[in-house]
Amino acid sequence: MSDTLSPAETPDFPMARAAGCPFDPPPQLRALQQEGPLARVRIPESGGTAWLVTTYAEQRALLADPRVSSDVTRPGFPIPAPAGSGGGIGLSFILMDDPEHARLRRMVQAAFTVRRVESMRPAVQKIVDDMIDDLLAGPKPVDLVEAFALPVPSLVICELLGVPYTDHDFFQENSKTIIKRSVAPEERAAAGGRLAHYLDDLVGRKLAEPGDDLLSRVAERVKAGDLTRQEAAQMGVLLLIAGHETTANMIALGTLALLRNPGQLALLRESDDPKLVAGAVEELLRYLNITHNGRRRIALEDIEIAGRTIRAGEGIIMANDIGNRDPSAFPDNPDELDIRRDARRHVAFGFGVHQCLGQPLARMELQVAYSTLYRRVPTLSLATDLDRVPFKHDGAVYGVYELPVTW
């Protein structure tokens, strides 16, 4: 493929999964991967072009390369710049480069260390058990998203941040608006503004009456002059959205994938080995990879890789869903779900300095949710046909809108 194709001659970056294959990356991605590690694609959102990186090794190399930028405001970045501030929502630190990215990330990273997260496991176990108690006591069939997958991580992140769970309808609705691709930019900006105002007000309350929570510790940095109040509110928005949307989608989509692979579900349900449970979580993260829009970057300098030259100012899209199915990295049928596979080196959480801050929390929540749900509800089954399950093809985070189940 020529590096000089015009946008009109360049194939679109494929995002739509094929009918009947809801867990697999778009088939066009597999075809592009077989052609080589890099290809030029058109970005439907903007009409521009970018380099699509389809292979695991090249994705990790570029994600760790300091010549690659996450700064979404740079001209040529492979998505449109965010819409207006929407009341001061501003830019998240995940869309910044070091040193500013590192400065802001350090403010909250202590809350997400493995040791700190593990201390939360008993509390998360109680939340999961209480939700399953309610599930079993209620009617059936039931929507697992509404009854379990969404409230569990919402309760956890509310507890961690110090956000009143009574406000969950408000922040969940606005979060959905922000991450839905089909929503108009002005609607997305308005939803961001509402969340920013909400978190700004909450930061103000934490300044006046601090508690034992992460948002109170962020407010302390505002009081010390290390953060502006706007930065603190934006940090709260990021943690609130990322802390419940991604994990909720993994709980529901992972459950569906296991229900469609009963042998794998039986292995997980019947084991009390924490290592097998942890391995199952890693394999589901690799296999499903709900961040299905690719990780997007821009080159700061010319970069020679895989026999091609990415020029300074050119956009880059790391298609992590097909990277996690790369046979050279994950041999033995990477398109199959195998919870005994060693999948720990997947790129579902990214790689390098921008890898997901909350990955220890997500892993722990998924371990508790998966191991407990199937053990306590051993006859859990899908209560509808697979082709009637509504998938989030239009979302920045892939998953299901509803998952009717019974037992």
Side-chain angles (χ1 to χ4, degrees), residues 111-112 114-166 168-169 171-172 213-214 239-240 242-259 264-285 288 290 339 358-383 399-400 402-407:
F112 297 98
V114 172
R115 183 175 181 180
R116 183 68 179 268
V117 164
E118 279 302 311
S119 73
M120 297 172 59
R121 188 180 286 266
V124 173
Q125 183 68 62
K126 185 177 188 310
I127 287 171
V128 168
D129 279 324
D130 288 348
M131 284 292 166
I132 295 175
D133 287 344
D134 293 342
L135 184 79
L136 293 173
K140 57 182 181 179
V142 67
D143 174 15
L144 192 73
V145 173
E146 182 180 349
F148 183 74
L150 187 55
V152 165
S154 297
L155 277 164
V156 172
I157 198 62
C158 282
E159 181 70 22
L160 178 66
L161 285 177
V163 172
Y165 184 69
T166 50
H168 69 278
D169 285 340
F171 67 72
Q172 286 169 359
D213 54 66
L214 180 54
L239 296 173
L240 187 58
H244 78 275
E245 279 288 350
T246 50
T247 306
N249 281 288
M250 269 302 303
I251 291 172
L253 193 62
T255 295
L256 180 57
L258 287 165
L259 290 173
Q264 298 295 304
L265 176 57
L267 280 173
L268 180 57
R269 183 179 56 233
E270 294 162 12
S271 175
D272 58 1
D273 181 0
K275 290 184 179 179
L276 186 137
V277 173
V281 167
E282 301 306 319
E283 172 67 353
L284 285 162
L285 287 163
L288 297 173
I290 58 171
I339 67 170
Q359 58 183 292
L361 180 62
R363 284 184 163 105
M364 185 269 287
E365 288 185 72
L366 293 172
Q367 290 167 13
V368 174
Y370 290 146
S371 62
T372 309
L373 178 63
Y374 316 132
R375 173 176 49 81
R376 292 197 54 195
V377 194
T379 58
L380 189 75
S381 61
L382 190 61
V400 293
E402 298 174 4
L403 188 63
V405 295
T406 190
W407 54 93

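Numbers for residues simply follow the sequence, beginning at 1.
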Check the side chains of Gln359 and Arg363 for a donor-acceptor pair under 3.5 angstrom, ignoring hydrogens and angles.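 Yes, a side-chain donor-acceptor pair sits under 3.5 Å.
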Which label fits Tyr370 and Tyr374: parallel for a plane angle under 30°, tilted from 30 to 60°, or perpendicular past 60°?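 The rings of Tyr370 and Tyr374 lie parallel, inter-plane angle below 30°.
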Can you check whether [X] reaches [Y] side chain to side chain, under 4.5 Å on heavy atoms?
X      : Y      : result
Leu276 : Ile339 : yes
Trp407 : Leu135 : yes
Ile290 : Thr246 : yes
Asn249 : Val400 : no
Leu366 : Leu284 : no
Leu144 : Leu373 : yes
Leu403 : Val405 : yes
Val114 : Val117 : no

Distance in Å, [X] [atom1] paired with [Y] [atom2], rounded so as to fall on 0.5 Å steps:
X      : Y      : atom1 : atom2 : value
Leu155 : Glu365 : CG    : CD    : 10.0 Å
Lys140 : Ser381 : NZ    : OG    : 9.0 Å
Phe148 : Ile127 : CZ    : CD1   : 10.5 Å
Leu160 : Leu361 : CG    : CG    : 6.5 Å
Gln367 : Thr372 : CD    : OG1   : 10.5 Å
Met250 : Thr255 : CE    : OG1   : 9.0 Å

Identify the two heavy atoms, one from [X] and one from [Y], that lie closest to each other, and give their separation to 0.1 Å.
X      : Y      : value
Thr247 : Ala362 : OG1-CB, 4.0 Å
Pro360 : Phe112 : CG-O, 3.1 Å
Tyr165 : Pro151 : OH-CB, 3.4 Å

Test salt bridge (Lys or Arg N to Asp or Glu O under 4.0 Å) on Asp133 and Arg376; report intermediate values, then the result. CA-CA 9 Å; Asp133 287 344; Arg376 292 197 54 195; 2.6 Å; yes
Give a yes or no on whether Asp273 atom CG has more than 12 heavy-atom contacts from other residues, nucleotides or ligands under 6.0 Å away.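 It does: Asp273 CG has more than 12 such atoms within range.
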Consider side chain to side chain donor-acceptor pair (under 3.5 Å). Of Gln172, Glu159, His244, His168, which one does Ser154 pass it with? Gln172
Ion pair Glu270/Arg375, N-O distance below 4.0 Å: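 Arg375 and Glu270: not salt-bridged.
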Charged N-O contact under 4.0 Å between Glu118 and Arg121: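 Yes, this pair counts.
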Got a donor-acceptor contact below 3.5 angstrom from the Ser119 side chain to the Arg116 backbone?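 Yes, the answer is positive, given that a donor and an acceptor are paired below the 3.5 Å cut-off.
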With side chain to side chain contact (heavy atoms under 4.5 Å, CB included) as the criterion, how do Leu239 and Leu214 come out once you've worked through the C-alpha distance, each side chain's angles and the decisive distance to 0.1 Å? CA-CA 10 Å; Leu239 296 173; Leu214 180 54; 3.9 Å; yes
